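Notes for the one structure printed next.
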Amino acid sequence: MGSESDFLVQFKNVQKSYDGVHLVVKDFNVDMVKGEFLTMLGPSGSGKTTCLMMLAGFETATNGQIILDGQSINNVAPHKRDIGMVFQNYALFPHMTVAENLAFPLRVRKMGQSEVTDKVNRALKMVRLDTFANRRPAQLSGGQQQRVAVARALVFEPKLVLMDEPLGALDKNLREEMQYEIKHIHEDLGVTMLYVTHDQVEALTMSDRIAVFDDGIVQQLASPQSLYEQPCNAFVANFIGENNRLMGKVLSVSGDTCSVELQGGGGTVQAKKVNVGQVGDATTLSLRPERVLVNPAQGSCANLVNATVEELIYHGDHTRTRVSISGSSDFIIKVPNTHNQQHMKKGEAIRIGWDTDDCRALDA
């Protein structure tokens, strides 16, 4: 991605164990470029928050080195790391006004009054709360409190801002609004951000790159588009976005494609060979719901399979169609609600199809 001087954060062979036996984080190696928005995404207990806490200094790495701006910080106290933090519970001082909350990290750094006032005013304008300076946190909505928390993390102009599930306590609409708010602040300031979440939509919306965690290991580190379009294994395919899984057995391999016999007597299909072994091995096929066509024209798809409509749910811009295929009744198709939409009925026999490149043969 770049030279050593381009990196703000480097995790080098970092491990973490709480009991000396089981590793919560296993050989974590990630380089963050200056100005990057990197998200660590994964289920609860996968190790993502532990990595963030080690970088913040609230946890100590069992093995490995954590480098910040070219210097090892393994033995540097948290308050000396020049890192801003935003937590899920906001962690605002309830007895202080909004302006006083923002001024606190500046006063700790012994800044003069005029500089404190100037930085606080700029930070409040940045999050559109300049008229709320004299309110206390209890007088603000959840979204406003989170804006104050973001402003406080940025007000002293840190090298790096860490965010640990910062939107988890907000309702859906506020959450979406704050996603764009934080993304725009990042773009405007160019500050480096490391974000932790278990919400894959949030990660896809905000990030330059995403590290997908499972069982203490980064399964894949890539751009949102690459993760969605080109998952490297079955875990990533299922964790990022909606995904259809078809079980099968590899019949033959030719270059970067393979022939797969579907489990349950569904016939044979062609798939892109991504993460499979040899002929005879089991595989999981990954196929996104929006890439499947209903009753496609003859010759328009490399793969054609018989299916039965099980359920139709109207979603405005598309109809979520659940069908039975190859012994499975939970195969999903997103059918766009266009003027030339095909009207299907529950129980109807249909043909569905997809291109070889849209179907990825992954580990079983």
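Bear in mind the structure is a predicted one, so any value in this text is a computation, not a measurement. Side chains are part of it too, since the values below use all heavy atoms of this structure and drop only hydrogens, waters and symmetry mates.
- With hydrophobic clusters built from ILVMFWY side chains whose heavy atoms lie under 4.5 angstrom apart, M54 shares a cluster with L68.
- Grouping the Ile, Leu, Val, Met, Phe, Trp and Tyr side chains by contacts below 4.5 angstrom, directly or via other members, places V201 apart from I210.
- For the atom pair L251 CG and Q270 CD, the distance stands at 9.0 Å (nearest 0.5 Å).
- The side-chain contact (heavy atoms from CB on, under 4.5 Å) test with L41 is passed by exactly one of T197, V236, V196: T197.
- Taking the six-membered ring for Trp and the full ring otherwise, F239 and F213 have centroids separated by 6.0 Å or more.
- Rounding to the nearest 0.5 Å places NZ of K172 at 11.5 Å from CG of L174.
- Criterion: ILVMFWY side-chain heavy atoms under 4.5 Å apart, direct or through other members. Under it, F104 and V155 are not part of a common hydrophobic cluster.
- M193 pairs in a side-chain contact (heavy atoms from CB on, under 4.5 Å) with only one of the listed residues (L160, V86, I182, L162), which is I182.
- From N303, atom CG reaches atom CG of L293 across 11.0 Å, with rounding to the nearest 0.5 Å.
- A donor atom on one side chain and an acceptor atom on the other are not found under 3.5 Å apart for S46 and D215.
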Item to complete: For S286 and N243, run side chain to side chain donor-acceptor pair (under 3.5 Å): C-alpha distance rounded to whole Å, both residues' side-chain angles, the deciding distance at 0.1 Å, then the answer.
Response: CA-CA 6 Å; S286 167; N243 181 57; 2.7 Å; yes

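- For R136 and F93, the positive end is not near the middle of the six-membered ring at less than 6.0 Å and at most 45° from its axis.
- Taking CD1 from I67 and CG from D31, the interatomic distance works out to 10.0 Å, rounded to the nearest 0.5 Å.
- Taken to the nearest 0.5 Å, the NZ atom of K26 stands 14.5 Å off from the CG atom of N63.
- Taking the ring centre of F156 as origin, the terminal cationic atom of R109 falls inside the region bounded by 6.0 Å and 45° from the ring axis.
- In summary, the side chains of S223 and S226 do present a donor paired with an acceptor at a separation below 3.5 Å, with no hydrogens or angles considered.
- Within a 6.0 Å radius of CD in Q113, other residues, nucleotides and ligands contribute more than 12 heavy atoms.
- In this structure, V253 is not a member of the same hydrophobic cluster as M247, with clusters built from ILVMFWY side-chain heavy atoms closer than 4.5 Å.
- Residues K272 and D256 have side chains in contact (heavy-atom distance under 4.5 Å, counting atoms from C-beta outward).
- In this structure the side chain of K119 reaches within 4.5 angstrom of the side chain of L106, judged on heavy atoms.
- In the model, R351 has a side-chain atom that pairs as donor or acceptor with a side-chain atom of N306 under 3.5 Å.
- Side-chain contact between F28 and N13 is absent, with no heavy atoms from C-beta onward closer than 4.5 Å.
- Between Q263 and K249, every side-chain heavy-atom pair lies at or beyond the 4.5 Å cut-off.
- Rounded to the nearest 0.5 Å, atoms NZ (K346) and CD (E310) are 7.5 Å apart.
- With Y228 as the aromatic partner, R288 meets the cation-pi criteria of under 6.0 angstrom to the ring centre and within 45 degrees of the ring axis.
- Taking hydrophobic clusters as Ile, Leu, Val, Met, Phe, Trp and Tyr residues chained together by side-chain heavy-atom distances below 4.5 Å, L140 shares a cluster with L124.
- Checked by atom type, the side-chain pair S17/D19 shows a donor-acceptor distance below 3.5 Å.
- No donor-acceptor contact under 3.5 angstrom links the side chains of N233 and N275, judged on distance only.
- Side-chain atoms of Y195 and E202 form a donor-acceptor pair, as typed in the model, at a separation below 3.5 Å.
- A donor-acceptor contact under 3.5 angstrom links the side chains of D27 and Q15, judged on distance only.
- Remark: the S324 side chain and the T308 side chain contain no N/O donor-acceptor pair separated by less than 3.5 Å.
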